[in-house]
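Have a look at the structure below before the remarks.
The shown structure was predicted, so the numbers you read here are calculated from the model rather than taken from an experiment. When a ligand or atom number is given, it counts from 1 through the structure's own listing order.
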Amino acid sequence: MDKNTKIYVAGHRGMVGSAIWRNLKAKGYTNLIGKTSKELDLRNQAEVELFFRTEKPEVVIDAAARVGGILANNDYPYHFLMENLQIQNNLIDAAHQNKVQKFIFLGSSCIYPKHAPQPLKEEYLLTDTLEPTNEWYAIAKIAGVKACEAIRKQYGKDFVSLMPTNLYGPNDNFDLKTSHVLPAMIRKFHEAKENTNSNVKLWGSGTPMREFLHVDDLAEAVSFALENKLEDHLYNVGTGEDLTIKKLAETIQEIVGHKGEIKWDSSKPDGTPRKLMDVSKMNEQGWKAKIELKGGIEKTYQWFLDNEYREVIVK
Ligand SMILES: NC(=O)C1=CN([C@@H]2O[C@H](COP(=O)(O)OP(=O)(O)OC[C@H]3O[C@@H](n4cnc5c(N)ncnc54)[C@H](OP(=O)(O)O)[C@@H]3O)[C@@H](O)[C@H]2O)C=CC1
Ligand SMILES: C[C@H]1O[C@H](OP(=O)(O)OP(=O)(O)OC[C@H]2O[C@@H](n3cnc4c(=O)[nH]c(N)nc43)[C@H](O)[C@@H]2O)[C@@H](O)[C@@H](O)C1=O
């Protein structure tokens with residue numbers, strides 16, 4: 001890919017978008033465009049069409065979405081379904097109408113059925129019912145995957161979907177109501193340590209298993225997809241390794257240096273029991289995760305200590 005290609009990174013201030021931006025800048029891409037949601041509300045079709053006609057991006061990376069952890073997904077089903085459909089439909093269709101050559105759509109591992117065999121292969125999509133806590137978000141993401149697949153099939157364009165597993169890293173959302181588990185644990189253990197090592201309350205039973213990928217590894221997968229023509233339309237992106245939420249809690253507790261007790265709040269949902277990705281398809285294309293979990297969490301905790309963190313509020 002020419003380093004002067006005009007690349008629009010939608011959602012460039014979010015955890016994923018900012019990691020992609022850093023990665024592409026470091027690789028020498030000079031013509032990146034980013035707009036905040038205040039400057040360009042991607043739910044608004046007219047605004048998006050005008051932006052594409054004026055800016056004429058050649059490549060689009062879609063890292064803009066309504067994103068949140070298990071509780072936000074469960075509590076705001078309409079936001080997670082409708083805003084994601086609006087954002088991705090506007091971006092995909094404007095890209096198609098304005099002759100964008102390449103479009104990278106980001107979904108999530110929650111698109112796969114709740115009780116699919118493990119590890120999750122791309123071909124398990126739409127073979128059974130979804131996990132109820134995030135089916136709204138998952139249905140929007142499945143529609144995005146299908147829209148890109150349809151454009152590929154009907155028009156032969158290079159529109160591709162990457163499905164990341166649970167992500168973490170710098171610039172994550174650390175709001176305790178809307179965040180994912182890993183940033184929530186960093187903040188909870190840190191604040192409890194500062195507060196005479198008080199007990200930490202975590203959600204659910206601690207038995208579900210999750211896979212975690214550092215966002216810089218995902219950014220490398222995105223830039224790999226940018227620079228190479230992937231053979232198919234859908235690829236899982238993860239480490240291929242998972243652990244229980246309880247083990248994750250113990251790991252973060254040790255990294256933070258918290259000495260109190262962990263209490264499990266069974267009134268909060270567990271969500272899907274397991275969603276381990278089969279990443280062999282993406283590995284065969286030539287991308288592989290590099291950052292191991294403990295080191296990645298240590299770096300993220302250091303980032304949390306050194307920076308003013310974001311809190312995403314749903315309204
Ligand atoms: N975090 C995770 O664990 C995972 C994330 N993903 C996927 O990665 C992508 C990015 O997620 P992540 O970076 O974590 O999310 P963040 O919440 O950190 O960032 C989302 C970005 O989307 C932008 N955005 C949201 N709504 C609008 C809107 N109406 N108009 C314009 N921009 C908007 C925000 O812009 P602004 O800041 O300007 O308001 C923000 O920069 C999503 O597609 C998500 O599904 C997939 C798997 C796991
Ligand atoms: C990326 C993915 O993220 C979401 O799915 P999820 O993996 O279930 O989300 P999560 O990270 O919030 O929780 C993982 C597990 O961890 C437990 N848990 C313990 N204590 C806390 C806690 O304090 N906060 C949170 N958030 N979870 C906690 C929690 O009960 C659950 O068992 C999707 O909605 C969907 O949007 C999606 O794609």
Test your reading of the structure: does [X] have an N or O sitting under 3.5 Å from an N or O of ligand 1?
{"X": "Asp62", "value": "no"}
{"X": "Lys141", "value": "yes"}
{"X": "Leu167", "value": "yes"}
{"X": "Asn171", "value": "no"}

Would you please classify the geometry between the Phe103 ring and the Phe159 ring as parallel, tilted or perpendicular, with 30° and 60° separating the classes? parallel

Give me the ring orientation class for Tyr301 and Phe304: parallel if the planes are under 30° apart, tilted from 30 to 60°, perpendicular past 60°. parallel

At a non-hydrogen distance cut-off of under 4.0 Å, which region of Glu83 contacts ligand 1 (side chain, backbone, both, or neither)? neither

Option with minimal heavy-atom separation from [atom], where the choices are [options]:
{"atom": "atom 27 (C) of ligand 1", "options": "Asn44, Ile87, Leu42", "answer": "Ile87"}
{"atom": "atom 47 (C) of ligand 1", "options": "Val9, Thr165, Asn166", "answer": "Thr165"}
{"atom": "atom 25 (C) of ligand 1", "options": "Ala65, Ser109, Ala64, Pro164", "answer": "Ala65"}
{"atom": "atom 38 (O) of ligand 1", "options": "Ala140, Gly69, Ser37", "answer": "Ser37"}

What protein heavy atom sits nearest [atom], and how far away is it?
{"atom": "atom 19 (O) of ligand 1", "result": "Gly14 CA, 3.3 Å"}
{"atom": "atom 8 (O) of ligand 1", "result": "Val16 CG2, 3.6 Å"}
{"atom": "atom 46 (C) of ligand 1", "result": "Gly107 O, 2.9 Å"}
{"atom": "atom 29 (N) of ligand 1", "result": "Asp41 OD1, 3.0 Å"}
{"atom": "atom 18 (O) of ligand 1", "result": "Arg310 NH2, 2.6 Å"}
{"atom": "atom 9 (C) of ligand 1", "result": "Ala63 O, 3.9 Å"}

Neighbour count >12 (heavy atoms, 6.0 Å) for atom [atom1], [X]:
{"X": "Glu39", "atom1": "CD", "answer": "yes"}
{"X": "Lys290", "atom1": "NZ", "answer": "no"}
{"X": "Lys27", "atom1": "NZ", "answer": "yes"}
{"X": "Lys3", "atom1": "NZ", "answer": "yes"}

Set out, in order, the CA-CA distance, both residues' side-chain angles and the distance that settles salt bridge (Lys or Arg N to Asp or Glu O under 4.0 Å) for Glu58 and Lys6, then state yes or no. CA-CA 5 Å; Glu58 294 165 276; Lys6 197 167 192 182; over 6 Å; no

Enumerate the atoms of ligand 1 whose separation from the nearest heavy atom of [X] is less than 4.0 angstrom.
{"X": "Thr36", "answer": "38 (O)"}
{"X": "His180", "answer": "1 (N), 2 (C), 3 (O)"}
{"X": "Arg43", "answer": "29 (N)"}
{"X": "Val67", "answer": "11 (O), 14 (O), 15 (O), 17 (O), 42 (C), 44 (C)"}
{"X": "Tyr137", "answer": "44 (C), 45 (O)"}
{"X": "Leu40", "answer": "30 (N), 31 (C)"}

Separation between [atom1] of [X] and [atom2] of [Y], rounded to the nearest 0.5 Å:
{"X": "Asp306", "Y": "Lys299", "atom1": "CG", "atom2": "NZ", "result": "13.0 Å"}
{"X": "Ile7", "Y": "Asn31", "atom1": "CD1", "atom2": "CG", "result": "8.0 Å"}
{"X": "Leu176", "Y": "Asn173", "atom1": "CG", "atom2": "CG", "result": "9.0 Å"}
{"X": "His258", "Y": "Lys193", "atom1": "NE2", "atom2": "NZ", "result": "10.0 Å"}
{"X": "Ile252", "Y": "Tyr168", "atom1": "CD1", "atom2": "OH", "result": "9.5 Å"}
{"X": "Glu227", "Y": "Trp287", "atom1": "CD", "atom2": "CH2", "result": "15.0 Å"}

Protein heavy atoms near atom 33 (C) of ligand 1, is at least one of them under 4.0 angstrom away? yes

For a quick check: using heavy atoms under 4.0 Å, what are the residues in contact with ligand 2, sorted by chain and number? Gly68, Gly69, Ile70, Asn73, Ser108, Cys110, Asn134, Tyr137, Asn166, Ser179, His180, Val181, Ala184, Lys188, Leu202, Trp203, Pro208, Arg210, Ile245, Pro269, Asp270, Lys275

Quick one about Asn23 and Glu220 (side-chain donor to acceptor, distance below 3.5 Å, no hydrogens or angles considered), yes or no? yes

Cationic N near anionic O, under 4.0 Å, Lys35 to Glu47: no

For residues Asn236 and Ser280, determine if any side-chain heavy atom of one lies less than 4.5 Å from a side-chain heavy atom of the other. no

What verdict does the salt bridge (Lys or Arg N to Asp or Glu O under 4.0 Å) test give for Glu149 and Arg152, after you've listed the backbone C-alpha separation in whole Å, the side-chain angles of each residue and the deciding distance to 0.1 Å? CA-CA 5 Å; Glu149 185 186 5; Arg152 223 178 147 89; over 6 Å; no

